Amino acid sequence: MPAGFSLPGVATSHGWYALAPYRWEAATLTLHRVEALPSGVVAHLEITQDGETLCVRSDKELTAADIGEVANRVRWCLRLDEDLSEFGELCAADPELCASVQPSGGRLLRCPTLWEDVVKTILTTNTTWAQTKAMAARLVAVLGAPHPDAPSLRSFPTPEAVASNEETLVAQVRLGYRNASVLKIGRDIASGALDLEALKSGELSTPELRKRLLSLPGVGPYAAATLLMILGRYDELAVDTELRAHVRRKYLGGAVETAEKQLREPYEKWGRWRYLAYWFDPR
DNA sequence: TTCCAGGGGTAGA
DNA sequence: TCTACCCATGGA
């Protein structure tokens, strides 16, 4: 575990913990998640921290291969292997920012698969956070793999489950016009025409990665920047209504009509750490 | 009713 | 490159 790692800090570093199948239990500082594993087992995982130790409990007996897979997924989701020391050093000059970053160390929670992060990012576009949570909950409840002992607990749906259930997706999950994008991406992954997980390898340059993300239906500049953040590339700001409101209020004296260049300006000096500098900028 | 929310796609200039 | 318009959904 990285020095100073805090599970509560990382888990709540942005809103993803509130989107199914994640659930954060504040009273016990436990991150819950239902995962479908390679052996076919659907398990309820509970992630907690005890001092310098991260504990992952499964309510189902797991094979050695499943245990290895769980470990890999948890490491990815909590960014245990990501080196953010340079960002931390740059923050040190600004006590307020430093305090804002401190709980998570700059680690933003992500999902085990890029497929899940892409879908959830699309679910944040042109809607309210309450509706994003509701759409994610319906997606999991309707198309996720059920836990054997508690069918109300489900994993995040596979691309195949989405691809082969268009009518159910439209009628029961109700993503609005986002149905078409999610369906297309699911079908392309299921058919082998698209390999999203390959984008996690780190081999592509940030501009090339951005280009690939922008080629996905339903992914524009905002979503691509958000997904670059998911992939550990923080160069690009995700300009949305939240960022606009924040920059106008904090840096532009409440100006209404503002060019995008003006909105980006306060974070230009942060270079490859722009996204994090904005994200943790005290409101 | 009307507006619009952590935007995206498209046509037309 | 920029602007205008439409896009399902559901809450205010």
Side-chain angles (χ1 to χ4, degrees), chain A residues 12-20 22 24 100 104 108-111 114-143 162 165-188 194 196 207 209-231 233-252 254 256-264 266-267 274-283:
Chain A
T12 61
S13 55
H14 73 143
W16 256 209
Y17 70 85
L19 301 183
Y22 271 128
W24 173 249
S100 171
S104 70
L108 299 179
L109 184 68
R110 59 189 170 186
C111 301
L114 189 55
W115 149 250
E116 182 176 336
D117 276 320
V118 166
V119 171
K120 286 179 171 174
T121 299
I122 290 174
L123 298 192
T124 65
T125 60
N126 194 28
T127 188
T128 59
W129 181 241
Q131 289 212 63
T132 299
K133 287 193 285 186
M135 286 188 275
R138 288 196 298 269
L139 186 57
V140 168
V142 173
L143 293 173
V162 169
N165 288 287
E166 179 174 1
E167 283 187 20
T168 307
L169 184 74
V170 172
Q172 296 184 43
V173 181
R174 301 194 303 281
L175 305 180
Y177 61 84
R178 302 169 195 83
N179 282 322
S181 305
V182 171
L183 194 61
K184 172 79 165 88
I185 295 170
R187 283 182 171 160
D188 284 352
L194 174 66
L196 274 186
L209 211 42
R210 181 171 185 271
K211 194 173 148 191
R212 302 279 186 100
L213 293 167
L214 285 172
S215 74
L216 301 171
V219 174
Y222 153 80
T226 301
L227 290 163
L228 283 173
M229 170 278 285
I230 291 290
L231 291 166
R233 314 291 181 98
Y234 305 105
D235 317 58
E236 196 80 20
L237 285 177
V239 179
D240 59 9
T241 54
E242 285 291 309
L243 182 144
R244 288 175 196 281
H246 170 67
V247 173
R248 283 169 180 164
R249 187 172 55 244
K250 183 160 181 174
Y251 298 102
L252 302 174
V256 177
E257 295 299 330
T258 39
E260 197 160 310
K261 190 180 173 187
Q262 284 180 283
L263 296 169
R264 295 179 182 279
Y267 305 103
R274 291 185 190 100
Y275 191 105
L276 293 180
Y278 157 67
W279 191 263
F280 292 101
D281 191 12
R283 279 7 187 195

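Just so it is clear: chains get the letters A, B, ... in the order the sequence lines come, proteins before strands, and each one is counted from 1. Note that the structure is a prediction, hence the values are computed from the model and not measured.
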Next item on the list: Pick base, sugar-phosphate or nothing for A:T127, based on heavy-atom distances below 4.0 Å to the nucleic acid.
Entry: base
Check: Roughly how far apart, to the nearest Å, are C:dA8 and B:dC3 at atom C1'?
Finding: 15 Å
Item checked: Rounded distance (Å) that lies between atom P of C:dT9 and atom CG of A:L139 -> 15 Å
Checklist line | A:L169 CG to C:dA8 C1', straight-line distance once rounded to whole Å | finding: 12 Å
Item checked: Carboxylate-amine/guanidinium contact A:R244 A:D240, below 4.0 Å -> no
Item checked: Given DNA chain B, 5'-ward residue of the pair A:L214 and A:E242, judged by closest heavy atom -> A:E242
Item checked: Atom P, compared across B:dT2 and C:dC6: separation rounded to whole Å -> 15 Å
Notebook entry, point to check: Would one find a side-chain N or O of A:R174 under 4.0 angstrom from OP1 or OP2 of C:dA8?
Noted result: no
Checklist line | Atom pair distance, as rounded to whole Å: CD in A:E260 and P in C:dT3 | finding: 11 Å
Item checked: Lys/Arg N to Asp/Glu carboxylate O, A:R110 vs A:E116, below 4.0 Å -> no
Notebook entry, point to check: Are A:Y22 and A:Y17 close enough that their ring centres sit under 6.0 Å apart?
Noted result: no
Margin query: Any base atoms under 4.0 Å from A:R178, or only sugar-phosphate, or nothing? Heavy atoms, all strands.
Written below: base
Item checked: Whole angstrom value for the distance that separates C1' of C:dG11 from CE of A:M135 -> 12 Å
Note to self: Give me the distance, rounded to whole Å, that separates B:dG6 from B:dT10 when you measure between the C1' atoms they each carry.
What the structure shows: 23 Å
Notebook entry, point to check: Taking CG from A:L123 and P from C:dT9, how many angstroms apart are they, rounded to a whole number?
Noted result: 14 Å
Checklist line | Residue from A:V182, A:V162, A:L139 passing side-chain contact (heavy atoms from CB on, under 4.5 Å) with A:V173 | finding: A:L139
Margin query: Can you tell whether the side chains of A:E236 and A:R274 come within less than 4.0 Å, N to carboxylate O?
Written below: no
Check: Using a cut-off of 4.0 Å on non-hydrogen atoms, how would the nucleic acid contact of A:A223 be classed: base, sugar-phosphate, or nothing?
Finding: sugar-phosphate
Margin query: Just to verify, which of A:T124, A:N126, A:T125 counts as forming a side-chain hydrogen bond (donor to acceptor under 3.5 Å, both in side chains) with A:Y222?
Written below: A:T124
Note to self: At a heavy-atom distance below 4.0 Å, which nucleotide of DNA chain B is the first touched by chain A, and which is the last?
What the structure shows: B:dA5 to B:dG9
Check: Tell me: CG of A:L175 to C1' of C:dG10, nearest whole Å?
Finding: 13 Å
Notebook entry, point to check: Heavy atoms under 4.0 Å, any strand shown: does A:L216 hit a base, just sugar-phosphate, or nothing?
Noted result: sugar-phosphate
Check: Is it true that atom NZ of A:K250 has more than 12 heavy atoms of other residues, nucleotides or ligands lying nearer than 6.0 Å?
Finding: yes
